[in-house]
Visitor: 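Input: one structure, supplied below.
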Amino acid sequence: MWETLWLDARLATMTKGGTPYGAIEDGAIGVEGGRIAWVGRRADLPGRPDSLASEVRDCGNRWITPGLVDCHTHLVHGGDRAHEFELRLKGATYEEIARAGGGIRSTVSATRTASEAALYESASRRLADLQAEGVTTIEIKSGYGLDRDTEAKMLRVARRLDAELPVTVCTTFLGAHALPLEYEGRADAFIEFLCHDSLPSAAAEGLVDAVDAFCERIGFTVAQTRTMFEAARGLGLPVKLHAEQLSDQGGAVLAASFRALSADHLEHLSEAGVRAMAAAGTVAVLLPGAFYFIRETKLPPVDLLRREGVRIALATDCNPGTSPMTSILLVLNMAATLFRLTPEEALAGVTREGAAALGLGASHGTLEAGKAADFVLWNIARPAELSYRIGGNPAAIVVKEGEPLWSDVRS
Ligand code: DI6
Ligand code: FE
């Protein structure tokens with residue numbers, strides 16, 4: 001007997017190679033022990049519904065998708081940058097503000113002074129917005145501490161969100177996000193500190209699932225990024241990279257050479273970068289919220305990524321400087337409108353491909369037997385509505401590991 005059988009649903013399983021969206025009309029999902037025990041057409045159920053599960057739930061012919069995955073966020077941080085936003089609207093550029101000691105550094109000060117409890121409180125509020133729109137798995141980066149204790153504090157908050165709330169959190173160490181004031185003019189020494197002190201101590205505390213860096217003119221060089229990646233490799237940790245966001249530094253090629261889980265942003269990605277990612281199986285994570293917010297005009301090479309078979313994921317990049325965004329559904333709309341992804345590619349980007357970008361492809365991201373019972377019931381007539389609408393939240397019920405955690409069933 002299963003615990004729950006969800007009946008009378010239309011499933012967007014998001015499995016590859018079959019019908020669009022992996023759709024199953026008149027579908028059913030059996031849940032046992034937080035996992036999907038069975039999924040398929042109701043007609044193929046191995047018995048009468050009430051003989052199969054202790055609880056049978058009628059989905060009212062709603063669409064069900066996998067739980068959504070936000071695979072790139074800076075959810076934990078102190079303060080906000082609304083003031084900087086105001087300056088930018090008066091003409092200052094992002095790079096000018098960063099060079100003048102604003103930008104990331106102002107968030108670093110706010111994050112250093114915030115207590116762990118305050119960081120938990122503000123991050124859980126942002127997380128609640130995402131959960132309401134169906135996010136059940138999220139990646140959270142450090143990178144606003146830039147000293148040993150604050151980097152660890154941020155990652156501890158991320159781990160606590162995972163432990164205390166119905167969400168799966170993957171943590172990423174992003175010490176190489178910006179150069180802190182105390183290392184001004186000594187970037188190599190800062191990288192040394194990260195590799196030999198901050199990262200190993202966070203890893204020893206079990207706080208690190210992956211290692212990231214910001215490879216950019218206003219961030220770190222390819223050589224410094226390579227040093228970070230070598231330290232990660234020494235600790236047995238997978239890597240990913242903020243690459244080619246503002247300029248082409250060759251970061252994606254480097255990331256691919258370390259078999260990175262993902263390379264993210266990629267507006268300035270070269271053909272060589274695309275080919276290297278394709279060969280390495282590195283997922284392209286596109287972040288249309290940041291593209292929109294900084295009014296970038298160079299588009300990521302979506303056609304080339306498609307042609308070379310690079311998997312494309314999407315995420316909010318939720319951060320106070322370049323993407324103060326807590327709507328995963330708006331990401332879908334922006335990806336379709338700005339990057340010309342199809343609604344099916346966009347939905348895959350926050351399910352199957354988002355899970356792949358986190359190394360969770362075997363356990364999350366599609367509706368398949370054996371995977372986590374993370375899924376969302378939607379008040380929509382067709383899956384394309386999820387990327388079509390701007391505003392509004394059609395999520396009816398969000399299910400995390402078999403448990404309905406939020407429900408607003410409008411008939
Ligand atoms: N790229 C980004 O878009 C964010 N970090 C990064 O490496 C911006 C972070 C910030 O401005 O606070
Ligand atoms: Fe980012």
Side-chain angles (χ1 to χ4, degrees), residues 70-85 87-88 92-112 114 122-123 126 138-146 150-151 154 158 170-180 210-221 224-225 228 239-247 249 251-252 255 260-269 283-296 298 300 313-326 331 334 354 357-358:
D70 192 353
C71 68
H72 177 142
T73 86
H74 309 250
L75 195 80
V76 174
H77 59 260
D80 71 80
R81 304 242 287 278
H83 175 60
E84 183 177 302
F85 179 62
L87 291 178
R88 285 218 346 253
T93 68
Y94 179 65
E95 289 192 58
E96 279 163 10
I97 288 171
R99 285 186 200 284
I104 293 179
R105 279 180 181 172
S106 70
T107 302
V108 171
S109 311
T111 306
R112 284 179 177 178
S122 63
R126 289 187 277 272
I138 188 170
E139 184 254 19
I140 300 177
K141 302 174 194 297
S142 68
Y144 288 120
L146 313 181
T150 314
E151 288 294 298
M154 293 180 74
C170 297
T171 59
T172 300
F173 181 88
L174 177 59
H177 191 197
L179 193 62
V211 175
D212 192 354
F214 185 30
C215 185
E216 190 56 67
R217 286 190 304 242
I218 58 166
F220 296 90
T221 64
Q224 289 160 345
T225 303
M228 278 314 302
V239 299
K240 55 179 76 178
L241 190 63
H242 282 73
E244 276 68 277
Q245 181 186 8
L246 308 170
S247 61
Q249 300 286 311
L261 289 169
S262 69
D264 304 29
H265 286 287
L266 304 175
E267 282 84 346
H268 295 260
L269 180 62
V283 178
V285 177
L286 304 184
L287 304 165
F291 175 93
Y292 164 85
F293 195 76
I294 65 174
R295 304 182 79 225
E296 176 63 63
K298 177 106 169 63
L314 297 169
T316 59
D317 195 15
C318 175
N319 79 72
T322 59
S323 192
M325 169 183 218
T326 54
V331 169
M334 287 179 169
L358 296 176

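Numbering starts at 1 and runs along the sequence shown. One-based numbering, in listed order, for ligands and for the atoms of each. Keep in mind that the numbers below use all heavy atoms, side chains included, and drop hydrogens, waters and symmetry copies.
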Visitor: Among residues at least two apart in sequence or on other chains, which ones pass side-chain contact (heavy atoms from CB on, under 4.5 Å) with E216?
Guide: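 With neighbours one apart ignored, the set is F214, I218, Q245, L246, S247, Q249.
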Visitor: Everything protein-side that's N, O or S and under 2.8 Å from the Fe ion (ligand 2): list it, residue and atom.
Guide: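 Near the Fe ion (ligand 2), below 2.8 Å, one finds H72 NE2, H74 NE2, H242 NE2, D317 OD1.
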Visitor: Between D70 and T316, is there a donor-acceptor pair closer than 3.5 Å when you use the side chain of the first and the backbone of the second?
Guide: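 Indeed, once roles are kept as given, a pair shorter than 3.5 Å links the two residues.
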Visitor: On a heavy-atom basis, which atom in H74 and which in H77 lie closest, and how many Å separate them?
Guide: O-ND1, 2.8 Å
Visitor: Under a 3.5 Å distance rule, please check whether R112 uses its side chain to pair with a backbone N or O of G145 as donor and acceptor.
Guide: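 Yes, the answer is positive, given that a donor and an acceptor are paired below the 3.5 Å cut-off.
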Visitor: Could you go step by step and tell me if K141 and H72 meet the side chain to side chain contact (heavy atoms under 4.5 Å, CB included) rule?
Guide: CA-CA 8 Å; K141 302 174 194 297; H72 177 142; 3.3 Å; yes
Visitor: Do D264 and H242 have side-chain atoms, one donor and one acceptor, less than 3.5 Å apart?
Guide: no
Visitor: What's the separation between atom CG in D317 and atom OG1 in T73, rounded to the nearest 0.5 Å?
Guide: 8.5 Å
Visitor: Distance-only, no hydrogens or angles: does the T171 side chain make a donor-acceptor pair with backbone N or O of I140 under 3.5 Å?
Guide: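 A pair under 3.5 Å: no.
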Visitor: Of all residues at least two apart in sequence or in a different chain, which pass the side-chain contact (heavy atoms from CB on, under 4.5 Å) check with A284?
Guide: L266, M277, L305, V310
Visitor: Under a 4.0 Å heavy-atom cut-off, which residues neighbour ligand 1?
Guide: R81, Y94, I104, Y144, H177, F214, H242, Q245, H265, D317, N319, G321, T322
